[in-house]
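Below is one structure, written out as structure tokens, with a few remarks after it.
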Amino acid sequence: MTTNASYMAIWKVVRTIPRGRVASYGQVARLAGLPKNARLVGVALGAGDRLKLPWHRVMNAQGRIALPPNSRGYREQSRLLREEGVIVTKGKVDLKRFGWKAGGESPLLD
DNA sequence: GACATGACATAAC
DNA sequence: CGTTATGCCATGT
């Protein structure tokens, strides 16, 4: 009951993150209806289809890449993000600017 | 079934 | 901006 259904819910949310925007693990977990499973989101991403999921748009609550610096994924993530116009500096992004506000659109930025 | 892990979050120093 | 401590919970040993 936990696994597959939860993963699907998570993937669904992740697929919803707009280009050039990022969301935190906790945020995704909440939107997926799994408030306490921020950690599971990471697992779900790893289990998902990296070619079909915008996994790179998910980072921790501090807007920081949650992968070991220098690791392949780390570089890949920053690359993909920059490719979408997201400014990544020292492995982190400004959530004030690129953070995704589900539902409510942000009239000022962007 | 106890124990250790981890792509997390939040709060307090 | 950094470190420490706690809470959480699915997974793997």
Side-chain angles (χ1 to χ4, degrees):
Chain A
M1 172 78 74
T2 32
T3 36
N4 223 307
S6 301
Y7 287 143
M8 290 194 298
I10 291 171
W11 293 333
K12 181 159 190 166
V13 174
V14 173
R15 267 192 298 267
T16 311
I17 306 174
R19 256 182 75 92
R21 283 280 157 89
V22 301
S24 74
Y25 294 87
Q27 181 178 8
V28 172
R30 277 197 314 275
L31 293 175
L34 305 167
K36 306 303 180 189
N37 297 54
R39 295 183 114 132
L40 187 61
V41 174
V43 178
L45 291 182
D49 197 336
R50 257 111 35 178
L51 295 171
K52 184 54 183 158
L53 281 179
W55 60 275
H56 55 279
R57 299 185 194 147
V58 185
M59 32 197 48
N60 68 26
Q62 301 163 44
R64 236 172 127 355
I65 294 180
L67 283 147
N70 277 345
S71 71
R72 184 129 167 291
Y74 178 93
R75 285 187 293 274
E76 186 66 354
Q77 179 160 20
S78 36
R79 183 182 72 72
L80 290 171
L81 285 174
R82 281 193 261 251
E83 194 171 76
E84 295 185 353
V86 177
I87 300 174
V88 185
T89 309
K90 295 293 170 282
K92 82 173 184 185
V93 311
D94 186 345
L95 291 179
K96 284 303 181 189
R97 297 223 284 182
F98 305 102
W100 175 46
K101 278 67 172 171
E105 292 308 307
S106 153
L108 295 186
L109 312 162
D110 204 318

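Sequence lines set the chain letters: A, B, ... in the order given, protein chains first and strands last, and positions in each chain run from 1. The basis for the numbers below is simple: all heavy atoms, side chains too, and nothing from hydrogens, waters or symmetry mates.
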Original post:
Is there side-chain contact between A:S6 and A:N37, with heavy atoms separated by less than 4.5 Å?
Top reply: no

Original post:
Judged by atom type as modelled, is there a donor-acceptor pair below 3.5 Å linking the side chain of A:R82 to the main-chain atoms of A:I87?
Top reply: no

**OP:** Using the heavy-atom set of chain A and a strict 4.0 Å cut-off, write down the first and last nucleotide of DNA chain B that makes it in, 5' to 3'.
**Re:** B:dG6 to B:dT10

**OP:** Let me know the distance between CD1 of A:I10 and C1' of C:dA10, rounded to the nearest Å.
**Re:** 10 Å

**OP:** Starting from the 5' end of DNA chain B, give me the residue, A:G42 or A:Q62, whose nearest nucleotide shows up first.
**Re:** A:G42

Subject >> Side-chain (A:W55) to main-chain (A:G46) donor-acceptor, under 3.5 angstrom >> reply: no

What nitrogen or oxygen pairs link the protein and nucleotides 3-7 of chain C at under 3.5 Å?
none

**OP:** Using the closest heavy atom to pick a nucleotide of DNA chain C for each, name whichever of A:K36 or A:K92 lands nearer the 5' end.
**Re:** A:K92

Subject >> Under 3.5 Å donor-acceptor, A:Q77 side chain and A:L67 backbone >> reply: no

Original post:
Once you round it to whole Å, what is the distance between P of C:dC8 and CZ of A:R30?
Top reply: 16 Å

Original post:
Do the charged groups of A:R57 and A:E84 touch, with an N to O distance under 4.0 Å?
Top reply: yes

**OP:** Return the value, rounded to whole Å, for the distance between atom CG of A:N4 and atom C1' of C:dT11.
**Re:** 15 Å

**OP:** Considering only atom P, compute the distance from C:dT6 to B:dA7 and round it to an integer number of Å.
**Re:** 22 Å

Subject >> Who pairs with B:dA7 - Watson-Crick or G-U, where each distance is under 3.5 Å >> reply: none

**OP:** Rounded to the nearest 0.5 Å, what's the gap from OH on A:Y7 to CG on A:L45? Could you check?
**Re:** 10.0 Å

Original post:
Distance from A:I65 atom CD1 to A:N60 atom CG, nearest 0.5 Å?
Top reply: 9.5 Å

Original post:
Would you call A:L95 and A:V93 a side-chain contact if the rule is heavy atoms closer than 4.5 Å?
Top reply: yes

